[in-house]
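Residue numbers start from 1 in every chain, and the chains themselves are labelled A, B, ... in the order their sequence lines are given, proteins ahead of strands.
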Number of protein chains: 2
Amino acid sequence: MASRNENLETIQREMTAFARRARGTAARMHPELSLVSFTLLAHLEERSGCRATDLAVHYLLDKSTVSRQVAALEKLGFVERRPDPEDHRVQMLHTTPRGAEALATAARNRRRMFDERLADWDAEDLARFADYLTRYNAARP
Amino acid sequence: MASRNENLETIQREMTAFARRARGTAARMHPELSLVSFTLLAHLEERSGCRATDLAVHYLLDKSTVSRQVAALEKLGFVERRPDPEDHRVQMLHTTPRGAEALATAARNRRRMFDERLADWDAEDLARFADYLTRYNAARP
DNA sequence: CGAAAGTCGTTGCTTTATACAACTTACACA
DNA sequence: TGTGTAAGTTGTATAAAGCAACGACTTTCG
């Protein structure tokens, strides 16, 4: 069995390799939605809409970045803006039916890729891997 | 215990979250070396030098991208080019002492971050996580 | 041998993602 | 009611990345 040191090295190396490939993988899975725009759109879907500022805070992005991403998603017809009657500075962002469809397609492709990649994993390994990843990400920033 | 489906969803979600944050994390750990330039420099160190084309093939990058990354690393004094006497089209790339030092510092910061983040993991969980990641990444493309 | 074809690396151009700063509009509170 | 804060947009800058075209060199084959 490998030493703690070796395991730490392995984890580091494999996480780095994964991170390096991630954007490319996303682009292959769903050329229409980058990793970030997929994430933002998915967030809107989950929350049934939210403000641009919320997206920026949640994903540690500058509000200008979000503004342009949202503008692009709107141009594609994937997002619509609804003025907030309470506060006229705010726009609630919502997925459109087309956006929801694009998101569903992307999620399907993503899911298929993960399914295939993990097809021969047994239930216990899968459960543990899921827990480890969650635990890893949940650690203080 | 979660269903296979739930575990697949979790893995997908957590991997995505990790990928999204990776570049930023790298930038915080070693502002001098991006995720990619760190990787390229580390590759040169491991292999005791190689050609630009090898880097491009190995990391699925365009040769122009590698060319510019290497130029930047050279400008920083982290890499040197040695003409190949066998083939005058080729330059063997090597880390310089300064490059090796910058790499060592970056690797130390990286390692410290992983150490801290995984400090309270016991040996068995660490070993399993390392295996799972390796297995995940090793899957066909 | 000598010409055609392939390889290595650079450079020009383009696209995309991102940040920071300045600005506009709107709100809030004291 | 005026000053300060919040939401979003836009201008500018930087960096990463790809594709295409090129120059220098090597290999292959007629």
Side-chain angles (χ1 to χ4, degrees), chain A residues 16 19-28 30-41 44 47 49-76 78-94, chain B residues 16 19-28 30-41 43-44 49-76 78-94:
Chain A
T16 304
R20 216 183 316 113
R21 289 193 235 111
R23 276 161 203 269
T25 308
R28 251 179 297 121
H30 39 71
E32 206 157 37
L33 288 172
S34 73
L35 192 60
V36 169
S37 51
F38 173 81
T39 303
L40 298 184
L41 202 55
L44 292 183
R47 307 291 171 102
C50 74
R51 303 177 308 162
T53 296
D54 299 334
L55 294 174
V57 170
H58 193 93
Y59 295 109
L60 300 175
L61 294 168
D62 192 80
K63 59 189 178 159
S64 64
T65 302
V66 173
S67 174
R68 287 182 235 262
Q69 289 281 344
V70 167
L73 287 170
E74 190 188 24
K75 199 166 172 188
L76 287 166
F78 292 171
V79 157
E80 76 181 3
R81 307 165 190 257
R82 301 187 194 155
D84 181 343
E86 303 286 291
D87 183 339
H88 288 192
R89 292 170 304 181
V90 170
Q91 308 169 129
M92 286 304 268
L93 303 172
H94 293 264
Chain B
T16 304
R20 217 184 315 111
R21 288 192 236 110
R23 274 159 205 271
T25 308
R28 250 181 297 121
H30 38 74
E32 207 157 34
L33 290 172
S34 73
L35 193 58
V36 169
S37 49
F38 172 82
T39 302
L40 298 184
L41 200 55
H43 194 91
L44 292 183
C50 74
R51 303 178 308 162
T53 298
D54 299 334
L55 294 174
V57 169
H58 193 94
Y59 294 110
L60 300 175
L61 293 168
D62 192 80
K63 57 189 179 159
S64 65
T65 302
V66 172
S67 174
R68 287 182 235 265
Q69 289 281 345
V70 168
L73 287 170
E74 190 188 24
K75 199 167 171 186
L76 286 167
F78 291 172
V79 158
E80 75 181 2
R81 306 164 191 258
R82 302 188 193 153
D84 182 344
E86 302 286 292
D87 184 337
H88 288 192
R89 291 168 304 180
V90 169
Q91 309 168 132
M92 286 301 270
L93 304 172
H94 292 265

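- For B:Arg23, counting side-chain heavy atoms from C-beta on, the closest listed nucleotide (D:dG11, C:dC27, D:dA16) is D:dA16.
- In this structure, A:Glu86 atom CD and D:dA7 atom C1' are separated by 15 Å, rounded to whole Å.
- Of the listed nucleotides (C:dG9, D:dA16, C:dG12), C:dG12 has the atom at the smallest distance from the side chain of B:Arg68.
- One distance of note links OG1 of B:Thr16 with CZ of B:Arg21; it measures 10.5 Å at 0.5 Å rounding.
- If you measure from atom CZ of A:Arg51 to atom P of D:dT9, you get 13 Å, rounded to the nearest angstrom.
- For the pair A:Leu60 and B:Asp54, nearest-nucleotide mapping onto DNA chain C gives the more 5' position to B:Asp54.
- Contact annotation: side chain of B:Arg89 to base of D:dT26, donor-acceptor pair absent below 3.5 Å.
- Nucleic acid contact for B:Leu55: none, since no nucleic acid atom lies under 4.0 Å from a heavy atom of the residue.
- Judged by atom type and distance alone, B:Ser67 does not reach the base of C:dC8 through any side-chain donor-acceptor pair under 3.5 Å.
- Note on A:Thr65: a side-chain N or O is less than 4.0 Å away from OP1 or OP2 of C:dA19.
- The separation between A:Leu93 atom CG and D:dT9 atom P is 8 Å, rounded to whole Å.
- Distances shown here put every side-chain N or O of B:Ser64 at or beyond 4.0 Å from the OP1 or OP2 atom of C:dT10.
- The distance from atom CZ of B:Arg20 to atom C1' of C:dT18 is 15 Å, rounded to the nearest whole Å.
- Between B:Thr53 and C:dG9 there is a side-chain N or O to OP1 or OP2 distance below 4.0 Å.
- Looking at heavy-atom distances under 4.0 Å, A:Leu35 makes no contact with the nucleic acid at all.
- Within the 4.0 angstrom heavy-atom criterion, base atoms lie near A:Asp62.
- A:Lys63 places its NZ atom 14 Å from the P atom of C:dT24, with the value rounded to the nearest Å.
- The CG atom of B:Asp54 lies 10.0 Å from the CG atom of B:Leu44; values are rounded to the nearest 0.5 Å.
- As a whole-Å value, the separation of B:His88 NE2 from D:dG23 C1' is 16 Å.
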Worksheet item: Could you walk me through whether A:Met92 and A:Arg51 pass the side-chain contact (heavy atoms from CB on, under 4.5 Å) check?
Response: CA-CA 5 Å; A:Met92 286 304 268; A:Arg51 303 177 308 162; 3.7 Å; yes
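- Taking both residues in full, the closest heavy atoms of B:Arg23 and A:Arg20 are given as NH2-O, 4.5 Å, listed atom of the first, atom of the second, then distance.
- Distances were taken from every side-chain heavy atom of B:Val36 (C-beta onward) to each of D:dG8, D:dA17, D:dA6; the shortest belongs to D:dA17.
- Summary of the strand contacts: A:Asp87 and A:Gln69 both lie near DNA chain C, and taking for each the nucleotide with the nearest heavy atom, the more 5' one is attributed to A:Gln69.
- Across the protein-nucleic acid pair, A:Gln91 atom CD and C:dT25 atom P stand 14 Å apart, rounded to whole Å.
- Distance, A:Met92 CE to D:dG8 P: 9 Å, rounded to whole Å.
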Item to complete: Evaluate the criterion side-chain contact (heavy atoms from CB on, under 4.5 Å) for residue pair B:Arg28 and B:Thr25; output intermediate values, then yes/no.
Response: CA-CA 5 Å; B:Arg28 250 181 297 121; B:Thr25 308; 3.7 Å; yes
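- Aromatic ring pairs are classed by plane angle as parallel below 30°, tilted from 30° to 60° and perpendicular above 60°; the pair B:His30 and B:Phe38 is parallel.
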